[in-house]
Amino acid sequence: MNRLRELRKEGGLSQVRLANEMSINIKTLRRYEVGENNPRVAILIELADYFNVSIDYLVGRSDVR
């Protein structure tokens, strides 16, 4: 989920702020960003909508945002 980290940093968001806005635990977000855990589909949808990108872009399957 390197793209998640990239998008978060591009948006000037801290992990704490994004976790709060997504209503997820900060540790969970950190695990997503380092690839230890994979988000559920519902979370992927929320993250893709939040950053206005496709799920495929978010998970690295496409370079088209």
Side-chain angles (χ1 to χ4, degrees):
M1 294 289 296
N2 286 336
R3 294 243 171 105
L4 175 57
R5 179 183 298 138
E6 291 170 10
L7 290 166
R8 179 181 58 76
K9 287 184 176 186
E10 283 175 18
L13 299 168
S14 68
Q15 287 181 328
V16 171
R17 182 172 171 197
L18 181 57
N20 287 338
E21 292 194 21
M22 293 288 106
S23 299
I24 58 176
N25 187 292
I26 183 66
K27 290 179 184 179
T28 301
L29 177 62
R30 288 181 180 146
R31 288 180 183 131
Y32 293 161
E33 286 193 359
V34 298
E36 288 180 12
N37 287 8
N38 293 314
R40 294 174 294 127
V41 172
I43 299 294
L44 282 174
I45 292 168
E46 287 182 40
L47 287 166
D49 287 348
Y50 182 86
F51 289 109
N52 197 32
V53 297
S54 69
I55 292 173
D56 281 346
Y57 178 81
L58 189 61
V59 298
R61 291 182 45 135
S62 171
D63 289 331
V64 177
R65 287 185 176 209

>> Please check if the number of heavy atoms outside N25 that lie under 6.0 Å from its CG is greater than 12.
In response: yes
> Partners of E21 by salt bridge (charged side-chain N to carboxylate O under 4.0 Å, His left out), sequence neighbours excluded?
Replying inline: R17
Determine all donor-acceptor pairs shorter than 3.5 Å in which one atom belongs to a side chain in residues 56-63; sequence neighbours excluded.
| from | atom 1 | to | atom 2 | distance (Å) |
| --- | --- | --- | --- | --- |
| Y57 | OH | R65 | NE | 3.3 |
| Y57 | OH | R65 | NH2 | 3.4 |
| S62 | OG | V64 | N | 3.0 |
| D63 | OD1 | R3 | NH2 | 2.6 |

Say you draw a straight line from [atom1] of [X] to [atom2] of [Y]; how long is it, rounded to the nearest 0.5 Å?
{"X": "T28", "Y": "I43", "atom1": "OG1", "atom2": "CD1", "answer": "9.0 Å"}
{"X": "L29", "Y": "S14", "atom1": "CG", "atom2": "OG", "answer": "9.0 Å"}
{"X": "L18", "Y": "M22", "atom1": "CG", "atom2": "CE", "answer": "5.5 Å"}

Just so I know, are the side chains of [X] and [Y] near enough to count as touching, which here means a heavy-atom distance under 4.5 Å?
{"X": "L47", "Y": "L7", "result": "no"}
{"X": "Y50", "Y": "L13", "result": "yes"}
{"X": "Y32", "Y": "L44", "result": "no"}

Using a 3.5 Å cut-off and no angle test, enumerate the donor-acceptor pairs between side-chain atoms of residues 33-42 and protein atoms at least two apart in sequence or in another chain.
| from | atom 1 | to | atom 2 | distance (Å) |
| --- | --- | --- | --- | --- |
| E33 | OE1 | R8 | NH2 | 3.1 |
| E33 | OE1 | Q15 | NE2 | 2.8 |
| E33 | OE2 | R8 | NE | 2.6 |

>> With salt bridge (charged side-chain N to carboxylate O under 4.0 Å, His left out) as the rule and sequence neighbours excluded, what pairs involving residues 45-54 come up?
In response: none
> Who passes side chain to side chain contact (heavy atoms under 4.5 Å, CB included) against K9, sequence neighbours left out?
Replying inline: R5
> What are the two closest heavy atoms between A48 and S54, and how far apart are they?
Replying inline: CB-C, 4.1 Å
